[in-house]
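Structure, as structure tokens:
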Amino acid sequence: MTATAVTEVCLEPPTMLICVNRSASLLAPLTAARYFAINILDRSQKRIAEDCGGRKTGAARFDDFDWAADTLQTPYLRNAQATIFCSIARTLTFGTHTVIVASVESARSTEGAKTPLIYLDRRYVETGLDPVLA
């Protein structure tokens with residue numbers, strides 16, 4: 001799925017928070033598996049975000065991109081600019097969403113400068129920032 005509500009909670013211990021709509025088809029398998037990966041995309045990967053955000057459903061989301069699985073069979077994108085591997089620590093139902101607090105188990109990143117894919121006001125936007133910082 002493409003998440004618009006992802007944030008770090010704290011660094012000690014490393015913890016992330018995601019919010020998933022309770023009507024999302026991915027919620028039940030996600031919470032049953034107890035492990036998931038957060039793929040941080042760059043702006044060249046907009047199509048992946050759109051496919052996983054609803055243009056494709058089910059296994060079709062995994063058809064066109066370079067997916068792999070870690071030792072726990074957690075799917076992740078090999079060419080994401082970064083991936084954060086998590087295990088679910090707690091869940092909370094609030095309104096239309098399930099809030100998932102997750103422990104960070106490990107992380108990886110790809111080489112080279114990246115420009116982030118940013119979703120703001122219901123659209124993808126360009127930052128205008130140079131990906132190479134001096």
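Since the structure is predicted, the reported quantities are computational estimates derived from the model, not experimental observations.
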Does any part of the side chain of [Y], heavy atoms only, come nearer than 4.5 Å to the side chain of [X], both counted from C-beta?
X: Asn79; Y: Gln45; value: yes
X: Gln81; Y: Pro116; value: yes
X: Cys86; Y: Ile38; value: yes
X: Leu77; Y: Leu41; value: yes

How long is the span from the [atom1] atom in [X] to the [atom2] atom in [Y], to the nearest 0.5 Å?
X: Ser103; Y: Ile88; atom1: OG; atom2: CD1; answer: 10.0 Å
X: Arg108; Y: Asp70; atom1: CZ; atom2: CG; answer: 10.5 Å
X: Leu117; Y: Glu50; atom1: CG; atom2: CD; answer: 8.5 Å
X: Asn21; Y: His97; atom1: CG; atom2: NE2; answer: 4.5 Å
X: Arg34; Y: Thr74; atom1: CZ; atom2: OG1; answer: 12.5 Å
X: Thr83; Y: Asn39; atom1: OG1; atom2: CG; answer: 4.0 Å

(message) Quick one: does any side-chain atom of Thr2 pair with a main-chain N or O of Ala49 as donor and acceptor, under 3.5 Å?
(response) yes
(request) Check for a donor-acceptor pair, side chain of Arg22 on one end and backbone N or O of Gly95 on the other, with a separation under 3.5 Å. (result) yes
(request) Work out which heavy atom in Ala24 is nearest to a heavy atom in Val20; give both atom names and the distance. (result) CB-CG1, 3.9 Å
(request) Could you tell me which non-hydrogen atom of Met1 sits nearest to which non-hydrogen atom of Cys19, and how far apart they are? (result) CE-O, 4.1 Å
(message) As a quick check of understanding, evaluate side chain to side chain contact (heavy atoms under 4.5 Å, CB included) for Leu17 and Val6, giving each step before the final call.
(response) CA-CA 6 Å; Leu17 179 143; Val6 177; over 6 Å; no
(message) Tell me which one of Ile100, Leu30, Val101 satisfies side chain to side chain contact (heavy atoms under 4.5 Å, CB included) with Thr91.
(response) Ile100
(message) Do Val104 and Ile40 sit in one hydrophobic cluster, given that two such residues count as connected whenever their side-chain heavy atoms are within less than 4.5 Å of each other, even indirectly?
(response) yes
(message) One pair to check against side chain to side chain contact (heavy atoms under 4.5 Å, CB included): Thr15 and Glu8. What are the steps and the verdict?
(response) CA-CA 6 Å; Thr15 309; Glu8 75 175 79; over 6 Å; no
(request) List the steps, then state whether side chain to side chain contact (heavy atoms under 4.5 Å, CB included) holds for Met16 with Ile84. (result) CA-CA 9 Å; Met16 299 295 293; Ile84 304 167; 4.1 Å; yes
(request) Would you confirm whether the ring centroid of Phe85 sits within less than 6.0 angstrom of the ring centroid of Tyr76? (result) yes
